[in-house]
Amino acid sequence: MDWDRIRNEWRQQPAEQGAIAIDALRHRDEALARQVRSRDRIETVAAVVVGLAFTAIGVVAVRAGAWLEVMFAAWLVAWAISVPVWLRRGRAPSLQADPGLPLLQHLQCRRDLALAQARMLERAWLWYVAPAMVGLAGMTLAASGPTPGALGYIGICVALGVAIAWWSRSVARTRFRRHADELQQQIETLAVDAEQVPTSRPSP
């Protein structure tokens with residue numbers, strides 16, 4: 001089921017405003033899908049770069065016998081590996097969607113994808129921000145100790161992490177949950193219309 005077929009089927013419904021609504025939904029859905037793909041590519045490339053950088057730092061620390069730094073470098077490498085996994089989990093509903101699904105089920109899949117993305121962003125502080133902050137703070141303190149410069153650097157990292165977590169929750173609320181709500185409204189409207197369609201054939 002693609003959006004062109006959805007629009008054509010929707011236009012067969014009695015309400016004229018339905019076609020307008022489904023076009024608006026299609027544009028928003030396509031825009032959000034592009035944003036998700038672009039974000040995932042950027043985050044995946046960044047995760048590879050971060051993973052390689054802290055692998056190199058860990059190797060240097062091993063040669064120096066700085067085992068606390070090695071531990072935090074390994075932590076950050078593990079975090080970098082986990083980021084693409086979380087991103088894939090957020091896309092799981094779309095990966096499982098069958099393009100041949102009926103209209104209602106297709107819209108439900110798009111709604112589930114929007115909700116999955118929203119939940120992932122709302123929990124970004126847990127899987128994205130907090131692990132990175134722990135690793136960076138630990139690495140900094142292990143390398144420099146609690147010097148004013150190290151504490152100032154950690155403070156900047158924490159402020160940046162708070163800003164990322166706040167922005168992620170805002171995007172989840174204003175884009176993905178709003179889109180899921182609109183899809184749900186269309187699903188409920190279609191369900192009501194389907195119930196109103198006579199199921200028995202007239203007598204000859």
Side-chain angles (χ1 to χ4, degrees), residues 1-11 18-55 76-133 135-136 157 160-188 190:
M1 178 66 68
D2 57 32
W3 282 102
D4 288 335
R5 287 181 58 190
I6 291 174
R7 181 175 52 192
N8 292 334
E9 290 191 15
W10 191 270
R11 279 173 172 163
I20 299 173
I22 205 68
D23 277 343
L25 270 182
R26 181 195 62 180
H27 290 309
R28 174 170 293 185
D29 194 78
E30 291 173 347
L32 288 176
R34 286 195 298 272
Q35 291 175 14
V36 168
R37 289 194 296 270
S38 176
R39 180 207 62 195
D40 287 5
R41 284 195 294 269
I42 293 172
E43 293 288 354
T44 300
V45 171
V48 171
V49 172
V50 169
L52 292 174
F54 281 100
T55 298
L76 287 167
V77 171
W79 167 73
I81 293 172
S82 74
V83 169
V85 175
W86 275 93
L87 296 175
R88 183 175 176 79
R89 287 179 60 182
R91 296 194 309 272
S94 66
L95 296 175
Q96 297 168 357
D98 181 354
L101 286 175
L103 172 59
L104 271 177
Q105 292 182 32
H106 178 81
L107 291 177
Q108 288 167 352
C109 286
R110 303 309 301 176
R111 177 203 58 195
D112 292 344
L113 173 60
L115 289 175
Q117 290 292 323
R119 286 192 291 270
M120 187 179 67
L121 288 171
E122 288 164 350
R123 295 170 63 83
W125 66 271
L126 181 63
W127 63 271
Y128 189 82
V129 174
M133 295 301 103
L136 289 173
C157 290
L160 180 61
V162 171
I164 292 173
W166 176 85
W167 178 80
S168 297
R169 291 183 68 86
S170 176
V171 171
R173 183 183 69 256
T174 59
R175 298 184 189 177
F176 290 99
R177 286 204 176 273
R178 181 178 298 174
H179 184 54
D181 289 342
E182 291 178 353
L183 285 168
Q184 181 61 32
Q185 290 175 7
Q186 299 291 7
I187 291 168
E188 292 173 358
L190 277 175

Would you mind reporting whether [Y] and [X] have side-chain heavy atoms less than 4.5 Å apart?
X	Y	result
T44	V83	no
R119	L115	yes
W166	V129	no
L87	M120	yes
V171	R39	no

How many angstroms lie between atom [atom1] of [X] and atom [atom2] of [Y], to the nearest 0.5 angstrom?
X	Y	atom1	atom2	result
L121	R169	CG	CZ	10.0 Å
E43	S38	CD	OG	10.0 Å
M133	W125	CE	CH2	14.0 Å
D112	Q105	CG	CD	11.0 Å

Show your reasoning for whether side chain to side chain donor-acceptor pair (under 3.5 Å) applies to R110 and Q186.
CA-CA 12 Å; R110 303 309 301 176; Q186 299 291 7; over 6 Å; no

Non-neighbouring partners of R37 that pass salt bridge (charged side-chain N to carboxylate O under 4.0 Å, His left out), sequence neighbours left out
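Not a single residue meets the salt bridge (charged side-chain N to carboxylate O under 4.0 Å, His left out) criterion with R37.
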
Nearest non-hydrogen partners of A180 and A114, listed with the distance
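So the minimum-distance heavy-atom pair works out to CB-CB, 4.0 Å.
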
Decide if atom CH2 of W86 counts as having more than 12 heavy atoms of other residues, nucleotides or ligands within a radius under 6.0 Å.
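Yes - once you tally the heavy atoms of other residues, nucleotides and ligands closer than 6.0 Å, there are more than 12.
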
